[in-house]
> 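Let me give you the structure first, and then I'll get to my questions.
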Amino acid sequence: MTAAKPTTGVRSRLVRVAAVSHRHFLVLRRSPHRFFDITVLPFVDSLLFGSLGTFIAREGGSGRTTAAYLLAGIVLWHILYQAQIAVSTGFLDEISSRNLLSMMVTPIREAEYLAGLALVGLAKLVLAVAGVSAAAFLLYAFDVTTLGVGLVPIAAVLVVAGWALGLFVIGLVLRFGAGAEAFAWGIMFLIMPLSGVFYSRQSLPAFLQPVSAALPTTHAFAAGRSLLSDDAFPWHDFRLAAITTALLAALAVAFVVRAFTVFLRRGHITRHM
Amino acid sequence: MVPVLVARGLVKSYRRRRIVDRVDLAVEPGERVAVLGPNGAGKTTTLLMCLGVVRPDAGTVAIAGHHLPRERAAARARVGFAAGYLPMPDRIRVREYLAVYGRLHGLDDVGERATAALRRFGIEHLASAMAAELSSGQKTLVGIVKATLHEPPLLVLDEPTASLDPDVANRVRAGLTDLCGPGRAALLLTSHNTTEVERLADRVVFLSDGRVVANDAPARVAAQFGGKDLEDVFLRLAGSPVGTER
């Protein structure tokens with residue numbers, strides 16, 4: 001028996017965050033099927049939307065603009081998608097491997113655990129976005145860097161929005177059990193058309209436009225598209241995206257905290273033992 | 001000395017059925033306590049409340065003086081937990097798994113500790129094995145090694161030998177005897193194996209229908225209920241014929 005190590009302090013916290021990331025990196029390294037999301041899917045998306053854009057351009061005579069719009073959209077989409085899916089599937093892996101109880105009986109705090117997942121997500125995101133950007137460049141000569149440094153803050157907003165959506169999925173799994181895992185992928189199929197990844201929200205049916213306007217991702221994608229056509233940074237769209245993302249993140253935190261409280265009170269850990 | 005575990009007045013109900021009913025549980029440093037009782041008696045729920053992963057409807061829990069849930073990180077730094085039903089996650093080697101949990105407990109010398117802990121339970125040869133290569137018994141052993149890695153003052157084990165063959169179960173008991181006792185870690189375990197409880201525990205807390213019906217040394221509990229041993233008491237309190245479960 002030895003004295004317990006201190007659980008407070010920045011170093012202790014960082015070590016625990018790194019331990020969670022390390023665990024998920026080990027799993028990722030030995031799970032070839034998990035590379036589908038960060039290698040094959042980005043490539044397929046580039047191929048699909050690049051070819052679609054090229055076809056429309058040829059038929060409609062819109063030059064390279066359509067392909068560029070679609071490819072810029074898919075690059076931005078992967079930033080959101082990868083951020084969300086890494087957090088969601090990381091937690092789902094804890095559930096499917098029945099490791100949640102063991103993890104909960106360690107000094108790790110909930111925020112540290114989520115930070116560990118988010119860190120793994122960032123690494124996957126960099127790989128996937130590099131892949132989708134490389135495919136867009138090699139196959140369609142679309143250089144994502146032409147969007148300029150303005151892409152960085154917009155990407156940051158999308159990453160935070162992705163994490164927030166991931167938190168909603170975790171909250172749903174805590175509340176409803178592993179059966180809610182369908183939301184990990186399903187939520188993105190809902191978000192994609194409503195966010196106007198490839199078009200303005202005015203293109204949506206009128207009754208859906210207010211829903212679209214309420215989503216931070218809509219404004220982030222609009223800002224991203226503006227980078228293609230405008231010289232000036234789209235401050236208005238970016239401000240809206242940042243504010244609504246902050247609201248979404250606050251809602252997601254409140255939701256997951258509430259779901260975790262119910263999880264503890266109802267003894268739902270027994271579902272995962 | 002501060003008790004390593006103090007749980008007072010624990011109550012838990014699910015769907016209006018009271019699973020745990022005003023349970024008090026205290027474990028002194030170095031003490032070995034077994035929670036015994038038939039299926040559905042509330043043993044695991046009590047343990048999970050003591051670990052802070054199930055919130056009691058009423059009652060309080062403190063581990064080494066740290067109150068749950070407010071001081072949960074400090075409390076959990078002082079407890080190790082393993083269960084026979086908890087598998088080791090796939091796609092990870094034993095030493096990697098131990099390294100992850102060692103770091104979660106803030107250990108710097110995790111490699112040396114892991115080697116020593118694996119040796120204590122006679123499984124140092126499994127250090128490089130992948131989880132998928134291990135038998136369920138070996139996984140249970142690795143789980144116990146993980147729980148002891150940071151040498152906590154309180155070790156909580158739920159049915160630790162349930163899936164083990166007699167030889168491995170003996171090795172686990174020997175390892176636990178080595179680890180837990182006066183001047184060393186305290187042990188809180190649940191088991192259906194009354195012989196094991198008699199060999200390992202200084203004290204037995206017998207639960208029936210969510211209530212503590214006995215709390216004393218194994219021999220005294222047997223005497224209290226007029227049984228010749230704990231198994232006899234178990235069968236009387238469980239109220240079931242041999243071999244059936246409630």
Side-chain angles (χ1 to χ4, degrees), chain A residues 1-9 11-34 90 93-113 116 260-273, chain B residues 12 14 19 29-30 44-45 48-49 51-57 64 69 71-83 85-93 96-97 99-108 130-131 143 146-147 150-154 156 158 179-180 183-186:
Chain A
M1 186 172 64
T2 54
K5 298 283 177 180
T7 55
T8 53
R11 189 183 171 276
S12 300
R13 288 167 195 267
L14 289 178
V15 167
R16 289 195 291 266
V17 169
V20 172
S21 294
H22 184 217
R23 158 166 155 63
H24 287 278
F25 271 120
L26 289 169
V27 172
L28 180 67
R29 205 177 67 185
R30 297 193 179 112
S31 312
H33 62 280
R34 286 169 198 251
D93 185 75
E94 223 69 83
I95 295 286
S96 64
S97 61
R98 289 158 64 202
N99 196 47
L100 188 60
L101 176 55
S102 293
M103 191 60 76
M104 284 175 75
V105 192
T106 69
I108 197 159
R109 289 168 174 82
E110 294 78 12
E112 293 162 1
Y113 176 77
F260 191 57
T261 305
V262 172
F263 178 87
L264 292 172
R265 206 171 53 218
R266 297 194 182 171
H268 282 169
I269 188 66
T270 52
R271 289 171 168 174
H272 310 295
M273 286 165 40
Chain B
K12 190 71 204 170
Y14 293 131
I19 305 294
T44 297
T45 304
L48 294 177
M49 284 193 283
L51 294 167
V53 294
V54 169
R55 196 159 287 173
D57 298 337
E71 300 168 282
R72 61 192 183 283
R76 288 172 186 158
R78 288 157 178 84
V79 64
F81 172 70
Y85 48 78
L86 278 186
M88 183 184 157
D90 285 340
R91 296 183 295 273
I92 194 164
R93 292 187 191 282
E96 293 167 344
Y97 178 63
V100 166
Y101 276 89
R103 285 190 198 116
L104 286 172
H105 281 285
L107 302 179
D108 295 323
M130 292 291 291
K146 176 211 71 177
H150 56 297
E151 298 181 28
L154 174 63
V156 179
D158 195 8
L179 264 173
C180 307
R184 289 162 287 155

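Residue numbers begin at 1 in each chain, while the letters A, B, ... track the order of the sequences.
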> Under 4.5 Å, counting heavy-atom pairs only, tell me which of V79(B), L86(B), I19(B) racks up the most with chain A.
L86(B)

> Name the region of I92(B), side chain, backbone, both or neither, that has any atom closer than 4.5 Å to a heavy atom of chain A.
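When you check distances to chain A, atoms from both the backbone and side chain of I92(B) fall under 4.5 Å.
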
> Check whether L104(B) gets within reach of chain A through its side chain, its backbone, both or neither, counting any heavy atom under 4.5 Å.
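Backbone plus side chain of L104(B), per the 4.5 Å heavy-atom cut-off to chain A.
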
> Any Lys/Arg nitrogen of R78(B) or E71(B) sitting under 4.0 Å from an Asp/Glu carboxylate oxygen of the other?
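No.
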
> Taking ring-ring contact (aromatic ring centres under 6.0 Å, His included) as the test, write out the residues that go with F81(B), two or more places apart.
none

> Looking only at non-hydrogen atoms, find the nearest pair between S97(A) and R23(A) and report the distance.
OG-NH2, 3.4 Å

> Does the side chain to side chain donor-acceptor pair (under 3.5 Å) test come out yes or no for E96(B) and H22(A), once each step is laid out?
CA-CA 9 Å; E96(B) 293 167 344; H22(A) 184 217; over 6 Å; no

> If we define contacts as heavy-atom pairs under 4.5 Å, which of H268(A), R29(A), R11(A), M103(A) has the most with chain B?
M103(A)

> For L26(A), is it the side chain, the backbone, both, or neither that has a heavy atom closer than 4.5 Å to a heavy atom of chain B?
both

> Quick check on T270(A) against chain B: is it the side chain, the backbone, both or neither that has a heavy atom closer than 4.5 Å?
side chain

> At a heavy-atom separation under 4.5 Å, does T44(B) approach chain A through its side chain, its backbone, both, or neither?
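When you check distances to chain A, only side chain atoms of T44(B) fall under 4.5 Å.
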
> How would you list, by chain and number, every residue that makes a salt bridge (Lys or Arg N to Asp or Glu O under 4.0 Å) with R76(B), sequence neighbours excluded?
none

> Heavy-atom pairs under 4.5 Å with chain A are the metric here; pick the option from V53(B), T45(B), L48(B) that has the most.
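Option with the top pair count is V53(B).
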
> Donor-acceptor check, side chain of R98(A) to backbone of Y85(B), threshold 3.5 angstrom: yes or no?
yes

> Heavy-atom distances under 4.5 Å only: say whether M130(B) touches chain A with side chain, backbone, both or neither.
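Side chain only.
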
> I'd like to know if the side chain of K12(B) reaches the main chain of R266(A), judged simply by a donor and an acceptor atom lying under 3.5 Å from each other, with no hydrogens or angles considered.
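It does not hold such a pair.
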
> Looking at chain B, which one of V27(A), V20(A), L101(A) has the largest number of heavy-atom pairs inside 4.5 Å, strictly under?
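Most pairs with chain B among the choices: L101(A).
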
